[in-house]
Protein chains: 2
Amino acid sequence: MGAKEKRNRNKEEFRREILNSARDLFIDVGYEKFSMRRLAEKINYSPTTIYLYFKGKDDLLLAICEEVAEQFLTKLSHIRSVQSNPYEALRHTMLYLVEFAFDNPNHYKVFFLTRPDVYGTHEEFMNRESMARNSYFEFRKIVQVCIGAGKLRPMDIDVLTQVLATAPHGLITMTLYQNSFPWIDRKVLATTLVDGLLRGFQQ
Amino acid sequence: MGAKEKRNRNKEEFRREILNSARDLFIDVGYEKFSMRRLAEKINYSPTTIYLYFKGKDDLLLAICEEVAEQFLTKLSHIRSVQSNPYEALRHTMLYLVEFAFDNPNHYKVFFLTRPDVYGTHEEFMNRESMARNSYFEFRKIVQVCIGAGKLRPMDIDVLTQVLATAPHGLITMTLYQNSFPWIDRKVLATTLVDGLLRGFQQ
DNA sequence: AGCAAACATTAACGCAGTTAAGTAATAGTA
DNA sequence: TACTATTACTTAACTGCGTTAATGTTTGCT
């Protein structure tokens with residue numbers, strides 16, 4: 001066994017290698033079929049080795065998700081900085097949310113539909129740094145500006161933010177999971193939803 | 001073993017008994033912890049016995065879900081028959097969708113978020129009788145009436161139906177799965193969403 | 001040379017869904 | 001009544017999972 005060069009590699013580096021392979025496998029075989037044992041086989045190590053670098057499966061998946069969540073968050077700020085019209089910024093943000101989910105269905109499933117308690121209690125979630133939390137704040141900021149600019153009705157900022165942020169998820173989860181159903185083109189549904197919803201909250 | 005009276009029971013009857021126990025266990029321990037082995041223990045039979053009455057776990061869970069889906073569908077027709085105002089009927093239908101999910105979170109998870117292909121292809125879904133399909137038709141009918149009565153904008157009926165039907169699911173899945181997040185009261189979010197959304201499609 | 005830390009492995013536990021083979025009791029028939 | 005086929009159910013086992021404990025092996029340090 002050529003186990004010599006395996007040693008010449010520091011911890012952080014190897015952790016990243018595992019993470020990369022995990023991401024590939026995850027995207028390749030999907031969330032349902034991803035397993036520690038498969039990953040171990042792919043990287044030619046025993047399953048237990050992974051546990052020297054990650055606390056467990058949840059920890060590993062969360063790491064994968066934080067990766068793409070960072071992408072997501074970056075894009076959100078980008079949209080806000082590019083669009084001078086706050087209403088258009090919000091609209092594009094919502095549309096991007098849907099597009100992002102369609103482009104990363106497996107990440108989406110892990111991120112939103114598994115392990116409900118990885119972020120701890122409400123307080124811990126709000127206080128501890130995380131991509132999920134920061135994304136919410138970013139989204140909220142855009143909504144705030146829209147209300148401030150008189151584009152949307154003045155109302156409780158968190159109620160409106162949560163309504164606008166969650167509604168697209170319905171479209172996503174349904175079209176993602178209900179494959180038997182003859183959905184209309186997802187892009188059409190997305191724009192119809194977003195435009196209709198925002199129209200409903202204009203003043 | 002008092003295995004005598006076990007014989008004096010016809011097949012259909014026993015199937016129902018298993019189904020009842022399964023439903024209880026399912027509601028009791030939740031989707032994640034439900035297992036064939038646990039169910040077998042609960043009904044004092046070996047796990048393999050269940051396979052004489054159900055094809056497998058999926059089949060069993062689907063049977064449980066069709067049960068409550070029937071409840072759901074009954075309520076939908078009821079709402080439509082009680083409400084003379086079509087707009088109010090639609091509004092109540094959407095609100096009931098959310099309420100139903102909150103009342104039956106485990107059923108909801110199985111029904112909407114697992115096994116995407118139990119209903120086969122698009123064509124099979126549309127042609128074969130199922131509670132899921134019938135519920136969609138029922139929902140669609142209400143939307144149709146609203147458009148016909150001039151309460152909602154005239155537009156593609158399926159696009160509008162799918163948008164109105166899926167949006168609430170976002171609220172549901174998020175509040176159901178993201179327990180770490182400090183959500184506003186779900187009822188408030190639901191009414192805000194439904195009213196805002198419908199307002200956006202009024203003419 | 002001896003030792004401790006680092007790295008990786010094998011073996012195993014407990015759980016899951018499911019299948020194959022076997023057993024005991026009943027019903028039907030000659 | 002004796003033989004047979006069917007029914008109802010069980011035991012044992014297979015594959016796969018996440019994870020832990022114990023063990024071995026290599027490396028660098030003193």
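These numbers were taken from a predicted model, which means no experiment stands behind them. Letters A, B, ... mirror the listed sequences (proteins, then strands); counts begin at 1.
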Grab the N/O contacts between the protein and nucleotides 17-21 of chain C below 3.5 Å, and write none if there aren't any.
{"residue": "dG17(C)", "atom": "OP1", "partner": "M36(B)", "partner atom": "N", "Å": "3.3"}
{"residue": "dG17(C)", "atom": "OP1", "partner": "K57(B)", "partner atom": "NZ", "Å": "3.1"}
{"residue": "dG17(C)", "atom": "OP2", "partner": "M36(B)", "partner atom": "N", "Å": "2.9"}
{"residue": "dG17(C)", "atom": "N7", "partner": "R37(B)", "partner atom": "NH1", "Å": "2.4"}
{"residue": "dG17(C)", "atom": "O6", "partner": "R37(B)", "partner atom": "NH1", "Å": "3.0"}
{"residue": "dG17(C)", "atom": "O6", "partner": "R37(B)", "partner atom": "NH2", "Å": "3.4"}
{"residue": "dT18(C)", "atom": "OP2", "partner": "Y51(B)", "partner atom": "OH", "Å": "2.9"}
{"residue": "dT18(C)", "atom": "OP2", "partner": "K57(B)", "partner atom": "N", "Å": "2.8"}
{"residue": "dT18(C)", "atom": "O5'", "partner": "Y51(B)", "partner atom": "OH", "Å": "3.4"}

Which nucleotide in the set dC9(D), dA8(D), dT9(C) lies at the smallest distance from any side-chain heavy atom of Y53(B)?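 Comparing dC9(D), dA8(D), dT9(C) against the side chain of Y53(B), the answer is dC9(D).
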Please give, in whole Å, the distance from [N] [atom2] to [X] [atom1]?
X: K33(B); N: dG14(C); atom1: NZ; atom2: P; result: 17 Å
X: Y31(B); N: dA16(C); atom1: OH; atom2: P; result: 14 Å
X: I50(A); N: dG18(D); atom1: CD1; atom2: P; result: 9 Å
X: L60(A); N: dG18(D); atom1: CG; atom2: P; result: 10 Å
X: N44(A); N: dT9(C); atom1: CG; atom2: C1'; result: 14 Å
X: I43(A); N: dT9(C); atom1: CD1; atom2: P; result: 9 Å
X: L52(B); N: dT11(D); atom1: CG; atom2: P; result: 14 Å
X: L39(B); N: dA16(C); atom1: CG; atom2: P; result: 12 Å

Please name all residues satisfying side-chain contact (heavy atoms from CB on, under 4.5 Å) with P182(A), sequence neighbours left out, ordered by chain then number.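 side-chain contact (heavy atoms from CB on, under 4.5 Å) list for P182(A), sorted by chain: H122(B), F125(B), M126(B).
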Indicate whether OP1 or OP2 belonging to dT10(D) is found under 4.0 Å from a side-chain N or O atom of T49(B).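 For dT10(D), OP1/OP2 do have a side-chain N/O of T49(B) under 4.0 Å.
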Quick one: closest heavy-atom pair of I27(B) and N106(B), and the distance? O-ND2, 3.8 Å
Only distances under 3.5 Å count here; give the side-chain donor-acceptor pairs of residues 92-104 of chain B to other protein atoms, sequence neighbours excluded, each with its distance to 0.1 Å.
{"residue": "H92(B)", "atom": "ND1", "partner": "E88(B)", "partner atom": "O", "Å": "2.9"}
{"residue": "T93(B)", "atom": "OG1", "partner": "A89(B)", "partner atom": "O", "Å": "2.7"}
{"residue": "N104(B)", "atom": "ND2", "partner": "F100(B)", "partner atom": "O", "Å": "3.0"}

Steps toward ring pair (Phe, Tyr, Trp, His ring centres under 6.0 Å) verdict (F14(A), Y45(A)): CA-CA 12 Å; F14(A) 193 22; Y45(A) 281 85; 5.1 Å; yes
Is the gap between the ring centers of F112(B) and H107(B) under 6.0 Å?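 Not under 6.0 Å, so no.
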Does either side chain, that of D158(A) or that of Y136(A), offer a donor lying less than 3.5 Å from an acceptor on the other one? yes
